[in-house]
Protein chains: 4
Amino acid sequence: MNFESNLPIYIQIMNLIKTKIVSGELKRGDKLPSVRELSKELKVNPNTIQRAYQELEREEFVYTQRGMGTFVTENTDTIQNVKKSMATGLIDQFFSEMKNLGFKNDEIKEMVSHWLAKEE
Amino acid sequence: MNFESNLPIYIQIMNLIKTKIVSGELKRGDKLPSVRELSKELKVNPNTIQRAYQELEREEFVYTQRGMGTFVTENTDTIQNVKKSMATGLIDQFFSEMKNLGFKNDEIKEMVSHWLAKEE
Amino acid sequence: MNFESNLPIYIQIMNLIKTKIVSGELKRGDKLPSVRELSKELKVNPNTIQRAYQELEREEFVYTQRGMGTFVTENTDTIQNVKKSMATGLIDQFFSEMKNLGFKNDEIKEMVSHWLAKEE
Amino acid sequence: MNFESNLPIYIQIMNLIKTKIVSGELKRGDKLPSVRELSKELKVNPNTIQRAYQELEREEFVYTQRGMGTFVTENTDTIQNVKKSMATGLIDQFFSEMKNLGFKNDEIKEMVSHWLAKEE
DNA sequence: GTGGTCTAGACCACA
DNA sequence: GTGGTCTAGACCACC
């Protein structure tokens, strides 16, 4: 776990797992490590792991069964929907903030292209 | 001012002023409202305004003259630089979060194009 | 069986069977599936089925004969009583939660009528 | 606080506050007691109060400002919407469970009327 | 063994 | 003073 980030640890853990789910490393129905297990592995308090799992459940990325464990949601649609809605949220926010700074669509487009070109 | 946002109020105020400067509403050398004035207008604790002005000064957006008030920096380069750095900051953040969700460059490009098309 | 529900699995199984009995799908004296059988069918730990059957027996819904299996109670009164008590339980719960939300009797009545009208 | 209930304490606290909001005892924009304050009053751990406040914020009944406190949402529409959607949820659930037990619309209607008559 | 709740007590950022 | 996060450690219901 990267404690250097100023993000709360439970958010970092959520991102860790979201990425694994969305990228397919964790498939639907897969069992996540138990709270205590992950707690030991990441050297983080069990409550913090639990907090992360709870929030992930709230966002419908996972579901839990008492006494059984926590599992990746069976509903792949949910994953796709959440993924999509998070994406449009990010895009909307991005554009609105860019426009707030006084950029026009053309300029934004150009900057995005530039960023992508640099990436390759 | 949306006080229901999760962002600290002093950050929200900073963004408010930055946007005004970068978009040209506030020009170089213009006097900002006094701490007390803005405090009343936004119904916010003066300490909070003070904090926002301090941070803005640290970022060289504004400078203060004892007894005179706080002014937008005379240095237009600074403004342009900051505008650019804020933009690249937004872009970097946007891309890193999109990738965190598991999107590839192509997909992001497509979504951005789609958003721009819809705009017209 | 919706294992994503928050209810304990053994309760979900109890409700499953209760509903079958009360609705008449399982008649008095009918044999329930064996613990092992149901365990396989629902892909649930046998202990959990056992627990459900135990509780059902405690509530006099079923009785067990060593070596023979578990059977729906012969006593139709019991079934009718339980049906009635489950119903009043549901109603009580429903009203208490509606009132908890701040609705008055009249409003609740109106909403129920509305629901029934829509049904036809 | 009624510790006799088997509901988690933080849920009981949520219901307490929801009722106050929905019934109008707490008006929009009103400040809730601080976490520590309510903690003392109810003789409950501050974390438990915080949990309740967090969930209430997630359900958009309240919003919080760091360092300022927790407030009833300004948006009365939200309150009404949440109230309404919770109500239809309860009604749907109620009818589906009654039907599961084998009751017909007429019977349900009769039982509801009976309950209401008894109330007066 | 699993997750869920609760307490006690600490530290932090913010107003 | 306010809420937000984290740790440590306990107890419970469930599987």
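All values derive from a computational prediction rather than experimental measurement. First the proteins, then the strands, lettered A, B, ... as listed; each starts at 1.
Residues satisfying the side chain to side chain contact (heavy atoms under 4.5 Å, CB included) criterion with T70(C), sequence neighbours excluded, are L32(C), Y53(C), V62(C), T64(C). Applying the side-chain hydrogen bond (donor to acceptor under 3.5 Å, both in side chains) criterion to T88(A), with sequence neighbours excluded, gives no partner residue. Residues meeting the side chain to side chain contact (heavy atoms under 4.5 Å, CB included) test with T19(B), sequence neighbours left out: N100(A). Every residue two or more places apart in sequence or in another chain that forms a side chain to side chain contact (heavy atoms under 4.5 Å, CB included) with N45(B) is listed here: N47(B), T48(B).
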Check: Please, what dot-bracket string fits DNA chain E when only Watson-Crick and G-U pairs with both distances under 3.5 Å count, crossing ones use [ ] and pairs to another strand use |?
Finding: ||||||||||||||.
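Residue K31(D) is the one, among Q54(D) and K31(D), whose nearest nucleotide of DNA chain F lies closer to the 5' end (criterion: closest heavy atom).
Sorted by first and then second residue, the ring pair (Phe, Tyr, Trp, His ring centres under 6.0 Å) pairs with a member in residues 75-101 of chain A read F94(A)-F94(B), F95(A)-W115(B); sequence neighbours excluded. Legend: salt bridge (charged side-chain N to carboxylate O under 4.0 Å, His left out) pairs involving residues 19-34 of chain D, not counting sequence neighbours, sorted by first then second residue: R28(D)-E74(D). Applying the salt bridge (charged side-chain N to carboxylate O under 4.0 Å, His left out) rule to pairs touching residues 48-70 of chain B yields K18(B)-E59(B), R51(B)-E55(B), E55(B)-R58(B), sequence neighbours excluded.
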Margin query: Determine whether Y63(A) and Q65(A) satisfy the following criterion, side chain to side chain contact (heavy atoms under 4.5 Å, CB included), listing intermediate values before the conclusion.
Written below: CA-CA 7 Å; Y63(A) 67 96; Q65(A) 281 181 254; 3.8 Å; yes
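Atom-to-atom, CG of L56(A) to P of dG3(E) comes out at 13 Å; the value is rounded to the nearest Å. Atom pair Q12(D):CD and dT5(E):P shows a separation of 13 Å (rounding to whole Å applied).
Between S34(D) and dT2(F) there is a side-chain polar atom (N or O) within less than 4.0 angstrom of OP1 or OP2. Phosphate contact (OP1/OP2 of dG4(F), side-chain N/O of T64(D), threshold under 4.0 Å): present.
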Notebook entry, point to check: Could you run down nucleotides 8-15 of chain E 5' to 3' and tag each one B, S or - for protein heavy-atom contact under 4.0 Å?
Noted result: BB----BS
